[in-house]
Amino acid sequence: MEQFKTLEDLREYIKTLGPFYGRPTEAGAHPTLYKGGADSSHVLGVRKRDYLFSADEKWVLPHPEMGLSFSAHWQHLKRIYRMKKKVTKGASIDVYWVLEKSDIPTGLKFVADPKDPKHYLLTVTERMKIEDLVYKLTWVADRMSVIREAQVAL
């Protein structure tokens with residue numbers, strides 16, 4: 001087991017493990033689902049603008065340019081963190097992250113955003129029921145590491 005004296009030491013070590021995907025989230029919020037009241041912009045905690053839904057909203061369809069947003073570079077993560085901090089009016093922000101080498105459930109894949117190589121999408125690669133996507137996103141969230149109140153780390 002290694003001990004890290006600085007965050008820079010940790011960043012250097014993470015580079016040896018391969019790419020990471022980070023997602024800033026308001027403290028207490030779920031890292032991959034949107035919990036809360038009934039809202040027409042969500043289906044079972046999945047935001048409609050993140051994925052391509054069938055007309056009856058019972059299925060999620062594959063689309064290489066739609067998925068849950070993740071940062072794949074510290075600079076991108078810092079920018080998104082600052083934006084999230086403004087939207088949440090100063091609430092604490094946690095950063096959830098996962099390494100590329102981690103097991104991602106079948107039917108999901110990280111895909112680089114063609115507009116920004118530091119931005120990745122967790123896309124759906126095969127047609128699946130919305131309940132299956134919720135299960136898989138929950139599975140991913142359960143395996144993510146977290147940096148609580150990430151301002152100091154970023």
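Given the structure is predicted, the values throughout are model-derived calculations rather than measurements.
For Y120 and F70, the ring centers are positioned 6.0 Å apart or more.
Here the rule is side chain to side chain contact (heavy atoms under 4.5 Å, CB included) with V124, and of L133, D50, L68 only L133 fits it.
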Could you go through S69 and L121, starting from their C-alpha distance and side-chain angles, then the distance that decides it, and tell me whether this counts as side-chain contact (heavy atoms from CB on, under 4.5 Å)? CA-CA 5 Å; S69 291; L121 300 167; 3.9 Å; yes
Under the side-chain contact (heavy atoms from CB on, under 4.5 Å) rule, what do V60 and L52 come out as? Steps first, then yes or no, please. CA-CA 6 Å; V60 181; L52 180 62; 5.9 Å; no
side-chain contact (heavy atoms from CB on, under 4.5 Å), that's the test. Do W139 and R143 meet it? Break it down for me. CA-CA 7 Å; W139 191 92; R143 284 147 183 84; 2.9 Å; yes
Starting from the C-alpha separation in whole Å, work towards a yes-or-no answer on side-chain hydrogen bond (donor to acceptor under 3.5 Å, both in side chains) for H119 and S71. CA-CA 5 Å; H119 179 236; S71 296; over 6 Å; no
After noting the C-alpha distance and the side-chain angles of L122 and I104, does the key distance pass the side-chain contact (heavy atoms from CB on, under 4.5 Å) rule? CA-CA 10 Å; L122 183 56; I104 301 297; 4.2 Å; yes
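Taking each heavy atom of I130 and E57 in turn, the nearest pair found is CG2-O, 4.1 Å. Scanning all heavy atoms of the two residues, the minimum distance from K48 to F53 falls at CA-CE1, 3.4 Å. Between V140 and P105 the shortest heavy-atom distance is CG2-CD, 3.6 Å. The two residues L137 and T32 make their nearest non-hydrogen contact at O-OG1, 2.8 Å.
Under the 4.5 Å side-chain criterion, counting only non-hydrogen atoms from C-beta, Y34 is in contact with R47. Between V95 and L77, some side-chain heavy-atom pair lies under the 4.5 Å cut-off.
Under the 4.5 Å side-chain heavy-atom criterion for ILVMFWY residues, a single connected hydrophobic cluster contains both Y96 and F110. Residues Y81 and F20 fall within the same hydrophobic cluster, defined by Ile, Leu, Val, Met, Phe, Trp and Tyr side chains chained together at heavy-atom separations under 4.5 Å. The hydrophobic clustering, which links ILVMFWY residues whose side-chain heavy atoms are closer than 4.5 Å, places V111 and M128 apart.
We find that E65 and K115 are not joined by a salt bridge, their nearest charged nitrogen and carboxylate oxygen being 4.0 Å or further apart. The pair R79-D116 meets the salt-bridge criterion, with a side-chain N (NZ, NE, NH1 or NH2) lying under 4.0 Å from an Asp/Glu carboxylate O.
Listed for the K136 side chain is a donor-acceptor partner under 3.5 Å among the backbone atoms of T106. The closest donor-acceptor contact from the side chain of K84 to the backbone of T25 lies at 3.5 Å or more, if one exists at all. At least one donor-acceptor pair under 3.5 Å links the side chain of T123 to the backbone N or O of K109. Of the possible donor and acceptor atoms, one in the side chain of T125 sits under 3.5 Å from a partner among the backbone N and O of G107. Under the 3.5 Å distance criterion, the side-chain polar atoms of R23 are matched with a main-chain donor or acceptor of P31. Judged by distance alone, with hydrogens and angles left aside, the side-chain atoms of H42 form no donor-acceptor pair with the main-chain N or O of G45 at under 3.5 Å.
With rounding to the nearest 0.5 Å, the separation of NE2 in H73 from NZ in K118 is 4.5 Å. To the nearest 0.5 Å, the span separating CG on D132 from CZ on R127 amounts to 11.5 Å.
In the hydrophobic clustering (ILVMFWY side chains linked at under 4.5 Å, chained through shared members), M83 is joined by I80.
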